[in-house]
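Proteins get letters first, then strands, A, B, ... in listed order; numbering begins at 1 in each. The figures that follow rest on heavy atoms only: side chains count, while hydrogens, waters and symmetry mates do not.
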Amino acid sequence: MDITQKIAIATADILKESYDHVVETHAVQIDATRKEFEGDYTVVIFPYLRALKMKPEEAGNALGDQLLAAVPEIEAFNVIKGFLNLSLSAAYWSAALASISADEHWLKRGKSGGLSLVEYSSPNTNKPLHLGHLRNNFLGHSVSLIKEFAGNEVIKTQIINDRGVHICKSMLAWKMHGKGETPTSAGIKGDKLVGKYYVMYDEHLRAQVKKLVVEGRSEEEAKKEAPLSKMVQDMLLKWEQGDPETIALWRMMNGWVYEGFDATYARMGVSFDKLNHESETYLKGKDIVKVGLEKGIFFTKDDGSVWVNLEADGLDQKLLLRADGTTVYMTQDIGTAAQRQEDYPSLKQIIYTVGDEQDYHFKVLFLILEKLGYDWAPACRHLSYGMVDLPSGKMKSREGTVVDADDLMAEVVEAAKTSSEEKGKLDEMEQEEQGQLFEMLGIGALKFYLLRVDPRKRMMFDPEESVSLNGDTGPFVQYTHARCKAVLRKAEEFQCGAPESLSEKERQLLRALMQFRTVMNGAAEEMNPSAVASYCLDLAKMYNQFYHDLPILKAVDEEVKGFRLALTKLTAETLATSMGLLGIQVPERM
RNA sequence: GGUCCACUAGCUCAACUGGAUAGAGCAGCUGCCUUCUAAGCAGCAGGUUUCAGGUUCGAGCCCUGAGUGGAUCACCA
């Protein structure tokens with residue numbers, strides 16, 4: 001049993017037996033003792049002062065005496081104000097380390113928990129991925145891993161927005177100006193090529209609009225009447241009617257984009273178990289809406305459009321089908337949810353990784369799903385994250401301030417290479433292995449940089465800082481792991497020792513290592529990878545202090561040496577596992 | 001205008017969900033490599049937690065009001 005829990009139970013017992021004061025064990029507040037005070041764990045006793053009718057110090061001493069007698073692991077205590085600081089024995093700590101090191105489940109995934117579907121990425125198929133997608137993908141992927149580790153079965157999924165006007169724009173521009181250009185002939189990635197035509201369309205359209213405005217039309221009229229707009233609408237219509245030539249073009253250009261995306265995803269280290277194509281699920285949305293209409297969950301307006309009334313839930317009315325019977329965004333999301341229920345009958349939850357500008361949309365979606373009677377609807381979550389800002393402000397494709405995902409990844413890897421070569425520690429490493437290491441460090445730095453911030457918060461992207469390998473960064477954690485490994489390579493066979501006394505650094509490190517499961521479960525519950533990142537940093541800092549202050553291989557006492565080696569081994573494993581949950585690999589040497 | 005969300009050191013972020021003297025990193029200054037990896041460690045400096053009230057043993061965190069910034073309130077996705 002966890003020692004803090006043991007102390008909590010003992011505390012509750014004492015309060016009940018001696019003072020007739022009933023406290024739930026989970027309500028007993030026990031924290032790690034702050035480092036400026038003597039002790040390992042601290043019981044906060046302010047809440048019991050009234051019941052005990054004592055002053056803080058008096059109550060602390062009374063409780064401390066009884067805990068000392070009741071819990072054998074406790075060796076000593078001190079009281080400061082309303083805080084009872086408990087010191088645990090060296091025997092307890094070494095036994096704890098030995099037990100965790102031998103526990104084969106400690107660093108392995110749990111088993112309980114239902115089937116969760118995590119959706120992320122979901123880009124439009126008309127332009128390449130950018131910095132915003134990186135945050136989205138890293139978050140979604142990491143949350144999948146964390147949920148899985150906590151015991152859930154997880155299906156990683158994305159919905160591909162392969163339908164609608166935006167892709168038609170690229171298609172049209174390619175048809176008009178492409179001269180049969182392909183990714184191979186142009187020598188660029190497919191997503192980049194399609195993006196190029198999307199931009200081209202936009203430029204031509206703007207020129208046409210400008211001309212019309214000069215001729216006296218309003219901005220809005222001009223946009224509608226521009227020849228290109230009409231051609232795009234025409235093309236969309238043809239697509240919906242299944243015109244073979246249009247469909248073929250659509251297939252080809254989407255194919256280019258997918259190939260490009262796949263290359264980007266591969267480098268990012270993210271993957272998907274299941275894809276949903278919007279071009280396939282939007283029709284299902286229509287069907288579901290019709291069913292809901294029959295059940296009286298939705299209603300029809302005079303023009304024939306279909307709505308849902310959410311006024312009773314404090315929201316407004318929301319359109320689900322246009323008067324002409326075509327679908328909207330919400331309809332498609334309903335259809336996709338229904339499709340998923342069919343694909344996975346045991347589905348318990350869907351987690352949607354989507355920017356916080358869509359908070360309202362998901363509030364509405366979840367309400368509708370609940371009204372439609374999906375029993376897993378209340379468990380659905382919107383993993384809502386804030387936008388990534390640049391020092392120059394918001395990213396805007398119009399102004400060319402978008403940070404391209406491929407470019408950025410190439411940059412961070414290059415930066416990792418440069419700094420590594422400056423340090424010159426890798427001379428003995430094979431060329432190929434070096435390449436892998438730079439990749440690991442660069443991408444690791446980028447992922448860590450984007451994941452260490454609370455997902456819900458908007459964050460600032462500083463290009464300089466993102467490639468930095470010093471300070472609170474991924475490579476700092478990776479370095480610490482490599483450092484542990486270096487020690488372990490030099491060590492002979494060892495057994496976890498049981499020293500007679502422990503130093504402060506050893507206790508701190510071990511206490512942090514023992515926090516592992518609690519931290520991971522919390523991160524899973526909150527869908528918050530930043531909690532894992534913070535944990536990695538804490539652990540790495542503590543290990544480095546420990547490493548710096550105390551000899552490991554050169555410890556004189558064999559018990560001490562064994563203990564410190566065991567600490568080193570567990571630290572390496574814990575760091576590797578934790579970083580793994582962020583989707584970051586750690587090297588053996590660097 | 002309605003609703004929602006932010007605001008913490010020069011900058012970027014923490015703070016175990018109400019606990020001790022609010023912590024890290026970066027940037028600045030200063031030390032430590034003939035001892036297990038210096039991508040490290042240690043130190044100095046940096047704060048009225050946007051402001052004004054309130055709740056209580058105790059508030060960065062809860063409540064009220066104000067300020068600043070952002071999102072959203074589409075028959076776009």
Worksheet item: Is A:R452 near enough to B:rU12 that one of its side-chain N or O atoms lies under 4.0 angstrom from OP1 or OP2?
Response: no
Discussion item. Taking the P atom in each of B:rC4 and B:rC44, what is the distance between them to the nearest angstrom?
Written reply: 45 Å
Discussion item. Any base atoms under 4.0 Å from A:P551, or only sugar-phosphate, or nothing? Heavy atoms, all strands.
Written reply: base
Discussion item. Roughly how many Å apart are B:rG46 and B:rC41, using the P atom of each and rounding to a whole number?
Written reply: 23 Å
Worksheet item: Can you tell me if the side-chain N/O atoms of A:K490 get under 4.0 Å from OP1 or OP2 in B:rU37?
Response: yes
Discussion item. Using OP1 and OP2 only, check whether a side-chain N or O of A:N470 sits under 4.0 Å from B:rG40.
Written reply: yes
Item to complete: Report the C-alpha separation of A:L134 and A:L129 in whole Å, then their side-chain angles, then the decisive distance to 0.1 Å, and conclude whether the side-chain contact (heavy atoms from CB on, under 4.5 Å) test is met.
Response: CA-CA 8 Å; A:L134 289 178; A:L129 303 174; over 6 Å; no
Discussion item. If you assign each of A:V487 and A:K423 to its closest nucleotide in RNA chain B, which residue comes earlier from the 5' end?
Written reply: A:V487
Fill in: Residue A:E504 excluded, over 12 heavy atoms near CD under 6.0 Å
yes
Discussion item. Ignoring hydrogens and geometry beyond distance, is the side chain of A:S420 in donor-acceptor contact with the base of B:rA39 at under 3.5 Å?
Written reply: yes
Practice prompt. Inspect the surroundings of NZ in A:K541 and state if more than 12 heavy atoms from other residues, nucleotides or ligands are less than 6.0 Å away.
Written response: yes
Item to complete: Tell me, with the steps shown, if A:F461 and A:Y449 meet ring-ring contact (aromatic ring centres under 6.0 Å, His included).
Response: CA-CA 9 Å; A:F461 180 82; A:Y449 181 80; 5.6 Å; yes
Discussion item. I'd like the C1' distance from B:rG60 over to B:rU21, given in whole Å.
Written reply: 15 Å
Fill in: Integer-rounded Å distance: B:rA24 P and A:Y449 OH
21 Å
Fill in: Aromatic plane relationship, A:Y352 with A:F366 - under 30° parallel, 30 to 60° tilted, over 60° perpendicular
tilted
Fill in: Toward the 5' end of RNA chain B, by each residue's nearest nucleotide, A:A486 or A:H548
A:A486
Practice prompt. Tell whether A:T42 reaches the base of B:rA20 with its side chain through a donor-acceptor pair below 3.5 angstrom.
Written response: yes
Item to complete: Using the six-membered ring wherever Trp is involved, compare the ring planes of A:F516 and A:Y535 and label them parallel, tilted or perpendicular (cut-offs 30° and 60°).
Response: tilted
Worksheet entry | Salt-bridge present (A:D202, A:K169; N to O < 4.0 Å) | no
Pick out the pairs of N or O atoms, protein on one side and nucleotides 15-19 of chain B on the other, that lie under 3.5 Å.
unit_1	atom_1	unit_2	atom_2	d
B:rU17	O4	A:E526	OE1	2.6
B:rG19	N7	A:Q29	OE1	3.3

Worksheet entry | Nearest-angstrom distance from the residue atom CZ of A:R589 to P of B:rA38 | 15 Å
Worksheet item: Ion pair present between A:E57 and A:K55, side-chain N to carboxylate O less than 4.0 angstrom?
Response: no
Worksheet item: With rounding to whole Å, what would you report as the distance between B:rA52 and B:rG67 at their P atoms?
Response: 15 Å
Discussion item. For B:rG40 and A:Q545 - does any side-chain N or O of the residue sit under 4.0 Å from the phosphate oxygens OP1/OP2?
Written reply: no
Worksheet entry | Nearest-angstrom distance from the residue atom OH of A:Y479 to P of B:rC36 | 11 Å
Item to complete: Would you indicate, yes or no, if B:rC57 has its OP1 or OP2 atom less than 4.0 angstrom from a side-chain nitrogen or oxygen of A:R50?
Response: yes
Worksheet, complete the sentence: Of B:rA20, B:rC26, B:rC36, the nucleotide closest to the side chain of A:Y547 is B:rC36
Worksheet entry | Residue pair A:R458 / A:D356, side-chain heavy-atom distance below 4.5 Å | no
Worksheet item: Expressed in angstrom and rounded to an integer, what is the separation of A:N544 atom CG from B:rG25 atom P?
Response: 12 Å
Item to complete: Quote, to the nearest angstrom, the P distance that separates B:rU55 from B:rA27.
Response: 45 Å
Worksheet item: Using Watson-Crick and G-U wobble pairs with both distances under 3.5 Å, what is the 5'-to-3' dot-bracket string of RNA chain B, with [ ] for crossing pairs and | for pairs outside the strand?
Response: (((((((..((((.....[...)))).(((((.......))))).....(((((..]....))))))))))))....
Practice prompt. Could you tell me whether A:E428 atom CD has more than 12 heavy atoms of other residues or ligands within 6.0 Å of it?
Written response: no
Worksheet item: Aromatic rings A:Y329 and A:H361: how do their planes relate, parallel, tilted or perpendicular, breaks at 30° and 60°?
Response: parallel
Discussion item. Need one value for A:N85: base, sugar-phosphate or nothing, where a base atom within 4.0 Å counts as base even if backbone is also close, heavy atoms only.
Written reply: base
Worksheet item: Between A:R163 and A:E280, does at least one N-O distance fall below 4.0 Å, as a salt bridge requires?
Response: no
Provide a list of protein-nucleic acid N or O atom pairs under 3.5 angstrom, restricted to nucleotides 71-77 of chain B.
unit_1	atom_1	unit_2	atom_2	d
B:rA71	OP1	A:K394	NZ	2.8
B:rC75	O3'	A:R322	NE	3.4
B:rC75	N4	A:D303	OD2	2.9
B:rC76	OP2	A:R322	NE	2.9
B:rC76	OP2	A:R322	NH2	2.6
B:rC76	O5'	A:R322	NH2	3.3
B:rA77	OP2	A:Y329	N	3.3
B:rA77	O3'	A:E278	OE1	3.4
B:rA77	O3'	A:E278	OE2	3.3

Practice prompt. Would you check if A:F37 stacks with the base of B:rA20, given a 5.5 Å centroid limit and a 30° plane limit, both strict?
Written response: yes
Practice prompt. Tell me what A:I167 touches on the nucleic acid: a base, only sugar-phosphate, or nothing, going by heavy atoms under 4.0 Å.
Written response: nothing
Worksheet item: Counting just side-chain N and O atoms, does A:K81 come under 4.0 Å of either OP1 or OP2 of B:rU21?
Response: yes
Practice prompt. Scan A:L441 against the nucleic acid and name what it touches under 4.0 Å (heavy atoms): base, sugar-phosphate only, or nothing.
Written response: base
Practice prompt. May I ask you to decide if A:L320's main-chain N or O and A:T331's side chain share a donor-acceptor pair within less than 3.5 Å?
Written response: yes
Worksheet item: Is any side-chain N or O of A:K554 under 3.5 Å from a base N or O of B:rU35, one able to act as donor and the other as acceptor?
Response: no
Worksheet item: How long is the line joining OH of A:Y535 and C1' of B:rA24, in whole Å?
Response: 18 Å
Worksheet entry | Inter-residue atom distance A:T568.OG1 - A:I552.CD1, 0.5 Å rounding | 4.0 Å
Discussion item. Distance check needed: B:rC36 C1' versus A:R564 CZ, whole Å only.
Written reply: 12 Å
Practice prompt. Nearest whole angstrom, please: distance from the P of B:rC13 to the CZ of A:F476.
Written response: 20 Å
Worksheet item: Where does B:rC61 land, syn or anti, once you apply the within-90°-of-0 test for syn?
Response: anti
Worksheet item: Is B:rU17 in the syn or the anti form, by the rule that syn lies within 90° of 0?
Response: syn
Worksheet entry | Lys/Arg-Asp/Glu bridge criterion (N-O < 4.0 Å) met for A:D454, A:R456 | yes
Discussion item. Rounded to whole Å, how long is the line connecting atom CZ of A:F448 with atom P of B:rU12?
Written reply: 19 Å
Discussion item. Please report the distance separating the C1' of B:rG18 from the corresponding atom of B:rU56, rounded so that it comes out in whole Å.
Written reply: 10 Å
